[in-house]
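Read the structure below first, then the notes.
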Amino acid sequence: MQQALAAYKGGDLQDAVTRLQRLRAAPTITSQQRIALNDAMAAVMTEIYGLAAKGDARARQAVKQYEQMQTMPR
């Protein structure tokens with residue numbers, strides 16, 4: 001989670017999305033960790049969608065990647 005947030009804060013939005021999605025798919029996280037992860041994912045994606053709407057190319061790529069990852073079989 002720390003690496004994902006560091007990537008996000010550093011502007012590497014695609015890496016942040018990838019890391020958060022991998023964490024979300026991990027079967028070994030506790031229910032409390034899953035809640036915290038979902039909250040973090042929602043906050044990050046809200047920001048990324050906002051940036052994409054303003055024309056940020058990195059954010060658009062991160063949105064595209066996020067949406068592709070949502071449709072992948074787990």
Side-chain angles (χ1 to χ4, degrees):
M1 177 76 99
Q2 290 176 344
Q3 292 173 340
L5 294 177
Y8 170 72
K9 289 177 183 177
D12 192 348
L13 305 179
Q14 287 183 274
D15 184 46
V17 168
T18 299
R19 289 177 184 277
L20 288 169
Q21 287 287 51
R22 286 185 185 152
L23 283 171
R24 183 184 264 180
T28 58
I29 64 175
T30 67
S31 59
Q32 287 181 326
Q33 289 171 324
R34 188 165 303 281
I35 290 168
L37 176 59
N38 286 338
D39 289 346
M41 190 75 168
V44 166
M45 290 312 300
T46 297
E47 182 72 22
I48 289 174
Y49 274 108
L51 291 169
K54 292 178 183 176
D56 186 304
R58 293 173 308 146
R60 286 184 178 176
Q61 277 301 115
V63 166
K64 183 178 178 181
Q65 176 182 335
Y66 173 76
E67 290 174 352
Q68 287 174 342
M69 292 178 88
Q70 292 299 306
T71 61
M72 295 173 93
R74 292 187 179 149

Note, Leu23 side chain near Met1 side chain (heavy atom, < 4.5 Å): yes
Please indicate whether Arg22 has more than 12 foreign heavy atoms, meaning atoms of other residues, nucleotides or ligands, lying under 6.0 Å from its CZ. no
Less than 4.5 Å apart, any side-chain heavy atom of Arg24 and any of Asn38? yes
Quick one: which of Met45, Met41, Met69 gives a side-chain contact (heavy atoms from CB on, under 4.5 Å) with Leu20? Met41
Separation between CD (Gln33) and OG1 (Thr28), nearest 0.5 Å, reads 7.5 Å
What residue among Glu47, Gln3, Arg19 forms side-chain contact (heavy atoms from CB on, under 4.5 Å) with Tyr8? Glu47
As an exercise, state the distance from CZ of Arg60 to CG of Leu51, rounded to the nearest 0.5 Å. 11.0 Å
Counting only heavy atoms not in Glu67, do more than 12 sit closer than 6.0 Å to its CD atom? yes
Measure the spacing between CD of Gln61 and CD1 of Ile48 and express it to the nearest 0.5 Å. 12.0 Å
Taking the side chain as every heavy atom from C-beta outward, state whether Gln70 and Gln21 have any pair of such atoms under 4.5 Å apart. yes
Ala16 and Ala4 have their tightest heavy-atom pair at CB-O, 3.4 Å
